[in-house]
Amino acid sequence: MRKQLLTTVVGGLALTATLNPVLAMSQEHQNPFLAPYTTPYEIPPFEQIQYSDYIPALQQGIAEQKAAVEAIINNPEAPTFDNTVLAFEKSGDLLNRVMLVFSSLDESLSSPEMVEIAEVAYPAYSVHSDQMMMDDRLFQRFKTLYDNRDNLNLTGPRRRAVEEYYKSFVRAGALLDDAKKEELSKVNTRLTDLYLKFNKNLLNATNAYELVVDDPAKLAGLPASSIDQAADEAKARGHEGKWVFTLHAPSRLPLLQYADNRDLRRAMYEAYTSLASSGEYNNYPVINDILKTRAVKASLLGYPDYAAYMTANVMAKTTQAAEDLLLHIWQPAINRVADEVKEMQAVVDAEGGNFTIAPWDYYYYAEKVRRNKYNLDENEVRRYFALDNVRRGIFTMAERLYGITFTEMPDAPKYHPEVKVYDVKDAEGKHLAVFMTDYFPRESKRQGAWMSEFKGSFVDPDGTVGRPIIYNVGNFSRPTADAPALLTLDEVETMFHEFGHGLHGMLSRAALRSQSGTNVDRDFVELPSQIHEHWALEPELLKEYAFHYKTGEVIPDSLITKLQAASTHNQGFTTTELVGAALLDLQWGKLNPTEDVDVEAFERNVAGRLNMPAEVQFRYRSPYFKHIFGSDGYASGYYTYLWAEVLDSDGFELFAEKGIFDPETARSFRENILEAGGSEDPMTLYVRFRGHEPKVDALLRNRGLDPVKDPVKIDLSNIGGK
C-alpha cells in the first residue's frame with residue numbers, strides 16, 4: 001500500500017487550542033524544522049525533534065505559505081505557468097516538511113503526545129487547505145491558464161499540470177458560492193476529525209486484545225518461532241510462563257494457519273473479525289458519521305454519491321466501470337473457492353473430523369492441502385527467507401533491472417533504532433535517493449505495510465534538483481532468541497510490493513512536485529508495487545537471495561519446483577476476500593444515508609447479493625477497514641489493487657517473454673512508468689511500455705483462475721434501500 005499523503009496545499013489559520021505542558025515550547029531548544037537541515041541529503045534530524053516543535057512549525061509553515069500564495073494572487077503580471085503553477089507548488093516547503101514527518105511518525109511511532117498533536121494539526125491542515133483551494137482569486141489565475149492552455153505552448157507535463165490543478169480546484173469546491181464553500185470546509189474538517197477517531201479506536205482496540213494460553217498442549221502444530229514470539233509477548237505483558245497471541249499479523253496468521261486446536265483458531269478468528277465493533281473502541285458510530293458526512297460532500301460538489309465523486313478522478317472514471325472489472329473476476333474466484341473447500345473437507349473427513357469447514361478453518365486446512373498436494377510446508381520454506389536475505393533480494397532485483405545500488409548509512413538520523421537507512425546511487429555512482437526500512441511490529445505502529453516519503457523529488461527551471469527520501473514500513477515476523485526474522489511467503493511478497501512503491505518514488509525524474517513519484521492516479525499507483533511482486537519467487541532471483549538461515553545452503557531446485565507448482569494455491573480464497581472487500585467498499589460509497597445504517601446487516605446484504613461463500617469473510621470488515629474509513633485515500637477505491645493487477649499481470653508477461661532481467665524491457669518500464677510519475681496520462685504511459693492496452697484475462701491467468709463465459713448476473717443496486 002502506498003500511504004496517502006496529505007493535500008499539498010494549505011492556507012492560513014490561527015491555532016487557539018490549548019496543549020498540555022509537554023507540548024510547550026522550550027526557550028533553549030531550537031526548532032529543527034525552522035532551518036535547513038544540515039544532515040546528509042537533508043534527512044530529517046529525528047533525534048532533535050521534540051513534541052513541542054510540531055505546532056509552532058505548523059503555524060509558521062501556514063503563515064509562510066499564506067504569504068507566498070498572496071504574492072501569487074497579487075502579482076500584477078498576467079498568469080504564466082512559472083508565476084502561478086510553479087510558484088504555487090513551491091509555496092508550502094516548510095509546511096510539507098513538517099507534515100511529512102508528523103504524518104509518518106503518527107502512524108509508525110504513535111504516543112499519547114502524538115495523538116494530542118494530531119487532534120490540532122490535522123484539522124488545522126484541512127481547514128487551511130480548504131481556504132487555499134476555495135480562494136476565488138487564486139482559482140481565477142489557474143482558470144486563466146486552463147482556458148488558454150491551447151495557446152501557451154506548454155510541454156506535455158506542464159499542460160497536464162494545468163488541467164489537473166484546475167480539476168483539483170473544482171473538486172475542492174472552487175465553483176461553489178461562498179455559503180456552500182463554508183459548508184464544504186466544515187464537512188472536510190468533520191471528516192478529518194472522524195478519520196482520527198476511527199484510527200485511534202482501531203489502534204487501541206488492536207493493542208488491547210490478547211489471547212492468553214496457559215496450556216502448552218494447546219500450542220500443538222505451531223512453529224517454534226511463533227511459540228517463542230508468544231512467550232516473549234507474554235513476558236512483556238506480565239504473563240511470564242504463558243503465551244500471548246495478539247491481532248498483529250505476525251502473531252494472528254501463524255495461529256490460524258498452524259494451530260491444531262480448533263477452539264484456539266476460532267477464538268482468534270472471531271476476535272479479529274469483531275475488532276473495533278463494540279465497547280469503548282466501537283467504530284460503528286464513526287462509520288455512520290463518515291457515511292453521512294461524505295454524502296453531504298458529494299452532494300455539495302454535484303455528484304450523485306461519494307463513489308461517483310471518487311472514481312471520476314481516476315482511470316476508471318465511473319463506479320460502474322470499477323464494478324464491471326470486479327464482477328469479471330468474482331465468478332471465477334468463488335468457483336475456485338468451491339473447489340478449495342471440497343479439498344479441505346476431504347482432509348477433515350479423512351482425519352475423522354466430525355464438522356464442516358468454517359471460516360476459522362480455512363487457513364489451517366488450506367495449509368494441509370498444500371502439504372498433501374504439493375509436498376510443500378511453509379515452515380520449511382521460511383528457513384530460506386530470513387529478513388536480511390529478502391532485503392538483499394529486493395536490492396539485487398533493483399540493481400539487475402535498473403543499475404542502482406544500496407549502501408547502508410549506519411550513522412544517519414533515524415526515528416527508531418530498528419530503522420535502517422540506505423544511500424541509493426545510480427549506475428554512475430551518483431546519489432539518487434535515500435531509502436529507509438522499518439519492518440517490525442510494535443504497539444506504537446498501526447497494522448499493515450506502506451510506503452511514503454519524507455521528501456519528494458523535483459527539477460526546477462533554474463536547475464535546482466531535489467532527490468527524494470523514501471521509506472517502507474511493515475509489520476513482519478520478529479527474530480527470536482534462536483533464529484533471525486523468518487518471513488512467510490506473504491511477508492516476502494509484501495516486502496517486494498512495498499519496495500516497488502519505493503522504486504516509483506526513488507527513480508522519479510518528473511520535474512514537477514505534483515507529478516513526481518507516486519503522485520499518479522489512485523488506480524495506477526499500485527502497478528509498480530504489484531509488478532515487482534512477480535520477481536520474488538522467480539528461480540533466477542531466488543538463487544541470489546534465498547539461503548538457509550542455519551546452513552547457508554541456497555534454496556534447492558526441488559523446493560523451487562514445489563513453490564512454482566503451488567503458486568496459485570488458495571487463490572480462490574485470496575481473490576474472493578479481496579474482490580469482496582472492494583465491492584463492499586463501492587457499495588458503501590453508493591449510499592446517501594441520512595439515518596444510521598446497521599453496519600453488520602449491510603455487510604450481510606452485500607455478501608448475500610454476491611452469493612459470497614460462507615467460508616470466506618471480506619478481507620477487512622468495515623470497523624477495521626482503514627483503507628476506506630481511516631482516510632479518503634482508498635475510499636471507493638479499494639478496487640484499484642485489482643485494476644492495477646490487470647496492468648501488472650499483462651505487463652509482467654512482457655518480462656516473462658523477453659527475460660525477467662531483459663535490459664531493454666527494464667529500461668522501457670523505468671522510463672515510461674517509474675521515472676515518468678504523473679507527467680502523462682497513465683494509459684498513454686502504459687501503452688508506450690507494453691505496446692497495447694491491458695487485458696483482464698492476464699489477471700485470471702496470473703491467479704490461475706478459469707474464465708467464465710456466462711457469469712451469473714448480480715444486481716448491486718439499492719442494497720442499502722436508498
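The backbone N or O of Met99 sits less than 3.5 Å from a side-chain atom of Ser103, completing a donor-acceptor pair. Listed for the Asn288 side chain is a donor-acceptor partner under 3.5 Å among the backbone atoms of Val597.
Ionic pairing of Lys66 and Glu70 is not present here: no N-O contact between side-chain nitrogen and carboxylate oxygen is shorter than 4.0 angstrom. Using a 4.0 Å cut-off between charged side-chain N and carboxylate O, Arg467 and Glu42 make no salt bridge. With respect to the salt-bridge test (charged N to carboxylate O, under 4.0 angstrom), the residues Glu164 and Lys167 qualify. Of the charged side-chain nitrogens involved, at least one lies within less than 4.0 Å of a carboxylate oxygen, so that Asp596 and Lys292 count as a salt-bridged pair. Between Lys90 and Asp460 a salt bridge is recorded (basic side-chain N to carboxylate O distance below 4.0 Å).
Under the 3.5 Å distance criterion, with hydrogens and angles disregarded, a donor-acceptor pair is assigned to the side chains of Asn199 and Lys626. A side-chain donor from one of Glu600 and Tyr284 sits under 3.5 Å from a side-chain acceptor of the other. With hydrogens and angles left out, the side-chain atoms of Tyr415 and Asp438 include a donor and acceptor closer than 3.5 Å. Looking only at atom types and distance, the side chain of Gln131 has no donor-acceptor partner in the side chain of Asp135 under 3.5 Å away. Using a 3.5 Å distance cut-off with no hydrogens or angles, the side chains of Gln617 and Thr273 do not pair a donor with an acceptor. A donor and an acceptor atom, one from each side chain of Ser185 and Asn188, are nowhere located under 3.5 Å apart. Side-chain atoms of Lys143 and Gln140 form no donor-acceptor pair, as typed in the model, at a separation below 3.5 Å. In this structure, a donor-acceptor pair under 3.5 Å is present between the side chains of Asn283 and Asn201. With 3.5 Å as the limit, one finds no donor-acceptor pair spanning the side chains of Arg513 and Asn96. In summary, the side chains of Gln515 and Ser679 do not present any donor paired with an acceptor at a separation below 3.5 Å, with no hydrogens or angles considered.
Considering only residues two or more places apart in sequence or on other chains, Val520 meets the side chain to side chain contact (heavy atoms under 4.5 Å, CB included) condition with His504, Phe524, Val525. Contacts of Gln530 classified as side chain to side chain donor-acceptor pair (under 3.5 Å), with partners at least two apart in sequence or in another chain: Asp648. Taking Ser111 as the reference, Tyr51, Glu113 meet the side chain to side chain donor-acceptor pair (under 3.5 Å) condition, with sequence neighbours excluded. Residues satisfying the salt bridge (Lys or Arg N to Asp or Glu O under 4.0 Å) test with Arg97, not counting sequence neighbours, are none. Under the side chain to side chain donor-acceptor pair (under 3.5 Å) criterion, Ser717 pairs with Asp715, sequence neighbours left out. Taking Tyr306 as the reference, Tyr309 meet the ring pair (Phe, Tyr, Trp, His ring centres under 6.0 Å) condition, with sequence neighbours excluded.
Two residues are said to be in side-chain contact when any heavy atoms from C-beta on lie closer than 4.5 Å; Arg141 and Asn75 meet this criterion. When side chains are defined from C-beta on, Ser508 does not count as touching Leu674, because their heavy atoms never get closer than 4.5 Å. Contact check for Leu716 versus Leu610: side-chain heavy atoms found under the 4.5 Å cut-off. In this structure, the side chains of Leu109 and Met114 stay at 4.5 Å or more apart for every pair of heavy atoms. The shortest side-chain heavy-atom distance between Lys445 and Asn475 falls under the 4.5 Å cut-off. At least one side-chain heavy atom of Leu584 sits under 4.5 Å from a side-chain heavy atom of Ser622. Using a 4.5 Å heavy-atom threshold, the side chains of Thr311 and Lys317 count as separate. The side-chain heavy atoms of Thr84 and Thr144, taken from C-beta on, include no pair separated by under 4.5 Å.
Classification of the Phe625-His627 ring pair by plane angle, with boundaries at 30° and 60°, yields perpendicular. Relative orientation of the His501 and His497 rings is perpendicular, given thresholds of 30° and 60° on the angle between their planes. Using the six-membered ring where Trp is involved, Phe88 and Phe142 have ring planes that are perpendicular, over 60° apart on the 30 and 60° scheme. Using the six-membered ring where Trp is involved, Tyr146 and Tyr166 have ring planes that are parallel, under 30° apart on the 30 and 60° scheme.
A ring pair (Phe, Tyr, Trp, His ring centres under 6.0 Å) with Tyr634 is found for exactly one of Trp643, Tyr641, Trp450, Trp588, namely Tyr641.
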For this session: Please report the C-alpha distance between Asp289 and Lys197 in whole Å, then the side-chain angles of each, then the deciding distance to 0.1 Å, and finally whether the salt bridge (Lys or Arg N to Asp or Glu O under 4.0 Å) criterion is met.
Result: CA-CA 11 Å; Asp289 287 344; Lys197 189 173 182 180; 5.9 Å; no
Problem set entry | CA sep, side-chain torsions, deciding dist, call: Arg159, Glu163, salt bridge (Lys or Arg N to Asp or Glu O under 4.0 Å) | CA-CA 6 Å; Arg159 179 188 175 98; Glu163 293 171 346; 3.1 Å; yes
For this session: Give the intermediate values and the outcome of salt bridge (Lys or Arg N to Asp or Glu O under 4.0 Å) for residues Arg160 and Glu680.
Result: CA-CA 7 Å; Arg160 180 171 171 80; Glu680 293 188 63; over 6 Å; no
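For Phe102 and Tyr122, the gap between ring centers is short of 6.0 Å.
Between the OG atom in Ser444 and the CG atom in Leu203 there is a gap of 8.5 Å [rounded to 0.5 Å]. His248 contributes atom NE2, which lies 6.0 Å from atom CD of Gln447 (distance to the nearest 0.5 angstrom).
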